[in-house]
**Q** 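Shown below is the structure under consideration.
All values below were derived from every heavy atom in this structure, side-chain atoms included, with hydrogens, water molecules and symmetry-related copies excluded.
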Amino acid sequence: MINRIELKNKAKESLNNKYFESIKLLLTLFIISLGLEIIYALITHFTTLDSSNIYNIFTNVIELIITGTISFGYISFFLKISRDENVTSDELFSKADMLPLYIVSSILIGIFTFLGAIFFIIPGIIIAISLSQTFYILLDNPNMNIKEALLLSKKMMNGYKLEFFILKLSFLGWIILGIFTFGILYLWLIPYMNVTEANFYNEIKEIYNKKNLE
């Protein structure tokens with residue numbers, strides 16, 4: 001049984017003196033996102049690409065590359081905080097070499113989730129939750145192939161899928177409240193959520209490793 005309150009309290013403790021770096025990271029993401037929106041707006045204004053599929057393909061590819069370049073760095077940042085390691089917002093760009101892993105694993109997770117969703121929504125959600133630890137696993141095991149990481153995530157989440165779902169759901173009230181603060185609350189909430197989820201991974205990883213040593 002995973003203690004959600006304990007995971008959240010530990011996240012708050014780990015984030016002490018780390019919120020400044022967390023906010024810097026989130027503001028960097030905002031600037032990147034804003035920059036992309038400006039570029040897309042200029043392309044749309046000065047060309048006719050928006051009237052064809054070329055524009056959509058172009059924007060999707062660019063977004064995938066940029067997202068893939070920073071996603072592992074983003075996850076690594078909060079994972080390190082959860083382990084009380086020293087880390088700065090520069091971590092965001094530290095895992096750019098893992099771009100191919102991100103693209104392939106994201107596509108596979110998307111395909112498996114879509115196939116599950118075909119047979120009603122719930123199977124798709126279950127599959128997505130089962131594979132939710134894949135990126136953490138690849139960060140801890142960069143030499144592991146994607147198939148092994150997907151299978152390991154599924155094994156680690158065996159018996160913990162409902163607990164993970166409830167953990168995610170427990171932040172819903174804060175997410176809704178953040179809307180009424182014009183997003184300012186999210187500067188506190190997003191790091192809190194991410195470190196809590198990293199704590200969840202650390203917990204089930206430890207449990208899984210102990211079971212396999214017995």
Side-chain angles (χ1 to χ4, degrees), residues 1-12 14-15 29 63-64 67-68 70-83 95 98-142 144-179 186 189-212:
M1 185 74 176
I2 303 293
N3 189 323
R4 293 192 303 279
I5 302 300
E6 189 175 302
L7 295 182
K8 290 182 174 183
N9 287 337
K10 186 177 183 302
K12 291 175 184 176
S14 297
L15 279 164
L29 286 176
E63 284 181 7
L64 182 61
T67 302
I70 62 179
S71 284
F72 272 108
Y74 177 88
I75 297 167
S76 177
F77 176 83
F78 293 110
L79 184 60
K80 286 187 175 183
I81 289 179
S82 75
R83 294 171 176 175
K95 308 295 179 183
M98 297 182 74
L99 172 62
L101 281 177
Y102 174 83
I103 292 176
V104 176
S105 55
S106 294
I107 291 172
L108 289 175
I109 291 171
I111 290 172
F112 293 139
T113 302
F114 173 74
L115 291 176
I118 290 176
F119 303 99
F120 302 106
I121 303 268
I122 293 177
I125 294 173
I126 292 173
I127 291 172
I129 292 174
S130 294
L131 304 179
S132 62
Q133 308 305 302
T134 302
F135 294 152
Y136 291 115
I137 292 168
L138 288 171
L139 270 173
D140 275 343
N141 307 276
M144 180 181 287
N145 67 54
I146 295 172
K147 179 182 177 182
E148 290 174 334
L150 292 169
L151 290 174
L152 182 55
S153 177
K154 183 180 178 182
K155 290 177 183 178
M156 288 173 63
M157 289 297 287
N158 187 30
Y160 297 102
K161 289 186 283 293
L162 181 59
E163 292 192 49
F164 183 75
F165 179 75
I166 293 173
L167 177 65
K168 298 277 281 188
L169 202 61
S170 69
F171 290 105
L172 183 59
W174 286 112
I175 293 171
I176 294 172
L177 183 61
I179 297 172
Y186 294 142
L189 180 60
I190 292 174
Y192 177 37
M193 290 174 58
N194 278 280
V195 177
T196 300
E197 290 182 23
N199 283 337
F200 181 90
Y201 165 72
N202 292 331
E203 185 80 10
I204 63 171
K205 177 186 176 182
E206 184 179 351
I207 294 170
Y208 180 82
N209 287 340
K210 282 182 179 178
K211 283 181 180 178
N212 284 273

**Q** Considering all heavy atoms of both residues, which atom of Ala149 and which atom of Ile137 are nearest to each other, and what is their separation?
**A** O-CD1, 3.7 Å
**Q** Find the distance between NZ (Lys8) and CG (Leu167) and round it off to the nearest 0.5 Å.
**A** 6.5 Å
**Q** Rounded to the nearest 0.5 Å, how far apart are CG of Leu108 and OG1 of Thr113?
**A** 10.5 Å
**Q** Identify, with sequence neighbours excluded, every residue that meets side chain to side chain contact (heavy atoms under 4.5 Å, CB included) alongside Ser76.
**A** Lys80, Glu91, Lys95, Leu139
**Q** Please list, one pair per line, the donor and acceptor atoms closer than 3.5 Å that link side chains of residues 154-166 to other protein atoms, with sequence neighbours excluded.
**A**
{"from": "Glu163", "atom 1": "OE1", "to": "Ile2", "atom 2": "N", "distance (Å)": "2.7"}

**Q** Mind checking what makes side-chain hydrogen bond (donor to acceptor under 3.5 Å, both in side chains) contact with Thr67, not counting sequence neighbours?
**A** none
**Q** Measuring from atom CG of Leu101 to atom CD1 of Ile146, what distance do you get when rounded to the nearest 0.5 angstrom?
**A** 5.0 Å
**Q** Quick one: ring pair (Phe, Tyr, Trp, His ring centres under 6.0 Å) partners of Tyr74, sequence neighbours excluded?
**A** Phe78
**Q** I'd like to check the ring pair (Phe, Tyr, Trp, His ring centres under 6.0 Å) partners of Tyr192; sequence neighbours left out, ordered by chain and number.
**A** Phe171, Trp188
**Q** Using the rule given for side-chain contact (heavy atoms from CB on, under 4.5 Å), can you reason through Leu177 versus Trp174, listing the C-alpha separation, both sets of side-chain angles and the distance that settles it, and then say yes or no?
**A** CA-CA 5 Å; Leu177 183 61; Trp174 286 112; 4.0 Å; yes
**Q** If you compare all heavy atoms of Phe112 against all heavy atoms of Leu150, which two are closest, and at what distance to 0.1 Å?
**A** CE1-CD1, 4.1 Å
**Q** What residues form a salt bridge (Lys or Arg N to Asp or Glu O under 4.0 Å) with Lys168, not counting sequence neighbours?
**A** Glu197
**Q** Taking atom CG of Leu151 and atom CG of Asn145, what is their separation to the nearest 0.5 Å?
**A** 8.5 Å
**Q** Calculate, to the nearest 0.5 Å, the distance between atoms CG and CD1 belonging to Asn209 and Ile204 respectively.
**A** 10.5 Å
**Q** Minimum heavy-atom separation for Tyr102 and Gly68, please, with both atom names.
**A** CD2-CA, 3.2 Å
**Q** Which residues satisfy the side chain to side chain contact (heavy atoms under 4.5 Å, CB included) test with Glu6, sequence neighbours excluded?
**A** Asn3
**Q** Please report the shortest heavy-atom distance between Ser106 and Phe135, naming the atom on each side.
**A** OG-CZ, 3.5 Å
**Q** Asn194 versus Phe77: any side-chain heavy-atom pair under 4.5 Å?
**A** no
**Q** According to ring pair (Phe, Tyr, Trp, His ring centres under 6.0 Å), who are the partners of Tyr136, at least two apart in sequence or on a separate chain?
**A** Tyr201
**Q** Taking side chain to side chain contact (heavy atoms under 4.5 Å, CB included) as the definition, give me every residue that meets it alongside Ile103, ordered by chain and number, with sequence neighbours left out.
**A** Leu64, Leu99, Ile107
**Q** Does Lys10 have any side-chain hydrogen bond (donor to acceptor under 3.5 Å, both in side chains) partners at least two apart in sequence or in another chain, and if so, which?
**A** none
**Q** Do Tyr186 and Ile179 come close enough that some side-chain heavy atom pair is under 4.5 Å?
**A** yes
**Q** Measure the spacing between OG of Ser130 and CD1 of Ile109 and express it to the nearest 0.5 Å.
**A** 11.0 Å
**Q** Among residues at least two apart in sequence or on other chains, which ones pass side chain to side chain contact (heavy atoms under 4.5 Å, CB included) with Asn202?
**A** Leu79, Ser82, Arg83, Asn199
**Q** Taking salt bridge (Lys or Arg N to Asp or Glu O under 4.0 Å) as the definition, give me every residue that meets it alongside Lys205, ordered by chain and number, with sequence neighbours left out.
**A** Asp140
